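What you see below is based on every heavy atom in this structure, not just the backbone, and it leaves out hydrogens, waters and symmetry mates. Order of the sequence lines sets the chain letters (A, B, ...), proteins ahead of strands, with each chain counted from 1. As the structure is a computational prediction, the values presented were derived from the model and not from experiment.
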Amino acid sequence: MWNDIFSLLPEALWETAQMVGVSSLVALIAGVPLGVLLVATDRGGITPNVVLNRVVGAVVNATRSVPFIILMVAIIPLTRLIAHTSIGTAAAMVPLAIAAIPFLGRLVEAALREVPRSLIEAARAMGATPLQIVTKVLLPEARPGIVAGFTITVISLIGYSAVAGAIGAGGLGDLGVRYGYERFDTAVMIATVAVLIVLVQCIQFAGDRLARRLTHR
Amino acid sequence: MIELAGLRKTYRGPDGGVEALRGVDLTVERGEVFGVIGRSGAGKSTLLRCVNLLERPTAGRVVVDGVDLTALPPAALRDVRRGIGMIFQHFALLSSRTVRDNVALPLELAGRSKAEIADAVDPMLEFVGLTSMRDRFPAQLSGGQAQRVGIARALASRPSVLLCDEATSALDPETTQSILALLREVNRTLGVTIVLITHEMGVIKNVADRVAVIDAGRIVEEGAVRDVFLHPRAPITRTFVGEPTAEELSAMLGAPLGDAPSARGNVVWRLGFAESSARDSLVTTLIRRFPLELNIVSGTIERVGGEPLGTLVVELTADPSVRDDARSYLESVGVRVDILGYVERHLQPAS
């Protein structure tokens, strides 16, 4: 039993780390600009473009309404194109990232909306360009909120990555389902869950700490 | 310096539009402190935001330093805005930046080098007396300190104009005085033209050279602060200078105040006078020189721009010819006389 745990857990943890790590990174790179776009193009935003705002908003909502397991299957052609395979850890990163981008995008949007309008107005009065308003005012002021949103995204991705086990992605969730649930191996189940709990706690702790350090309000 | 001509601003709303400005013409001279006073919703905030085009007027022209801002393309407008500083009621400092970095922001936006920024920021902090606070964050500052940072930030790019949006409305009276003193210094030592909006006459009295009174989107009165104080014409200006309203006067008099001149009844005058005449015992002289009965209804002495100005509201029983003589006399010694109304009764000499 302990042999099982010691041989399987580290590998599963590594697979989870890979899936969550890569998809989180992609989500960060694409999700933050998406959030900025949603705020900036809104009516009364810094570069209003209501049509673009509505279209992007609708795409974001559509992506977020599709249950992850269906999204995963639905985008298999895209996954093949990017990962050159539709099964395994690498293949799981594609749907994970695609689910996470709009998720983080909305959280970033919410964080940016918390920035007082008066600060944007002050920046405009100083002759700031729209890009400068984003880089010098909106993003720095919303940083604690963005960090908090990113933390939530990473933790959600750990949950989603378990579902990705369905396409043979491996990882902790997959281990728990295959050994713990299907083979009634309670020890593996408990060990897996314990590792997940510790992992989530650590991420939340680190995220909270960073957000607090960035907050000067 | 600043010329607003035919300024109109209509906000579109769900039920038609709201006219915030209904044709405003104003000229602000170089080097003066110009105050705009109005109640909330009078349009003063919109008016100020039109000067640097944070609000684009629906119609009219905004000329600053000879340049018509309404005709400028965005990039040129941004350049002009760098020459117009602005401070805000709630300071609008970036919470994520230290005091120093807040003051540096306009220079960063203008693309100045790190060395240039360092050279410009420290003197600015010294000017507002916050050198020791340079590494603090705005959340660690008091309201007065935060507004000083706001002023340092607004002046960092060496603007020729400073716009003040209710700059002292969120501060306690003592701090207000120190910020107003700082604004005066900005005006006198740096030669910055200041336009400020406020709902408090105290602010106008303290710093402004000239004042415009705005009501329902129109300028109802304009002039040197001293003149407006001594001789307020528009009803709203009268309430701003603390004059009792017709209802209040009626209550104080214990009789209704009417507009119709009455030969038999009493007249109610408002006397406005400057220090020299205030020192002389105006009332005593009046009673000794003229056959009249006089009742003081209310009176105040206020400092306007450092000069004490007095106002007295008096009720007078006198023959029309005596009234005219008394009035001529008062005006000859520099007292401004306004008729507030008439009361149908006579004063009896105290026995």
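Shown here for P130(A) and R78(B), the closest heavy-atom pair between the two residues is CD-NH1, 4.0 Å. Considering all non-hydrogen atoms of both residues, S118(A) and A92(B) come closest at O-CB, 3.8 Å. Closest approach of A125(A) to L54(B), counting heavy atoms only: N-CD2, 3.8 Å. Scanning all heavy atoms of the two residues, the minimum distance from R153(B) to A122(A) falls at NH2-CB, 3.9 Å. For the pair G127(A) and R82(B), the tightest heavy-atom approach, listed with the atom from each and the gap, is O-NH2, 3.0 Å. Of all heavy-atom pairs between R81(B) and R124(A), the closest is CD-O, 3.1 Å.
Atom CG of L78(A) has more than 12 neighbouring heavy atoms from other residues, nucleotides or ligands inside a 6.0 Å radius. Within a 6.0 Å radius of OH in Y11(B), other residues, nucleotides and ligands contribute more than 12 heavy atoms. Residue-environment remark: CD (E11(A)) stays at or below the threshold of 12 foreign heavy atoms within 6.0 Å. Heavy atoms of other residues, nucleotides or ligands lying less than 6.0 angstrom from CZ of R61(B) number 12 at most. The neighbour count for E126(B) CD, taken as heavy atoms of other residues, nucleotides or ligands under 6.0 Å away, does not exceed 12.
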Quick one: side chains of residues 155-164 of chain A, donor-acceptor pairs under 3.5 Å with protein atoms, not counting sequence neighbours, listed by atom name and distance.
| residue | atom | partner | partner atom | Å |
| --- | --- | --- | --- | --- |
| S156(A) | OG | I152(A) | O | 2.9 |
| S161(A) | OG | I158(A) | O | 2.7 |

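Side-chain contact between K136(A) and E108(B): present, with at least one pair of heavy atoms (C-beta onward) separated by less than 4.5 Å. Side chains of E121(A) and R49(B) form a contact here, defined as non-hydrogen atoms less than 4.5 Å apart.
Both the backbone and the side chain of P140(A) come within contact range of chain B, each with at least one heavy atom under 4.5 Å from a heavy atom of that chain. The part of L53(B) that comes within reach of chain A is its backbone (N, CA, C, O), which places non-hydrogen atoms under 4.5 angstrom from that chain. Heavy atoms closer than 4.5 Å to chain A are found in the backbone of L93(B), but not in its side chain.
Of the residues considered (A139(B), A75(B), S95(B), P74(B)), S95(B) shows the highest number of contacts with chain A, using heavy-atom pairs under 4.5 Å.
Atom CE of M126(A) is separated from atom CD1 of I84(B) by 13.5 Å, given to the nearest 0.5 angstrom. With rounding to the nearest 0.5 angstrom, the CG atom of L119(A) is 12.5 Å from the CZ atom of F91(B). Taken from CG in L109(B) to OG1 in T129(A), the straight-line distance is 7.5 Å, to the nearest 0.5 Å.
Contact check on E141(A) versus R97(B) returns no salt bridge, with no Lys/Arg side-chain nitrogen under 4.0 Å from an Asp/Glu carboxylate oxygen.
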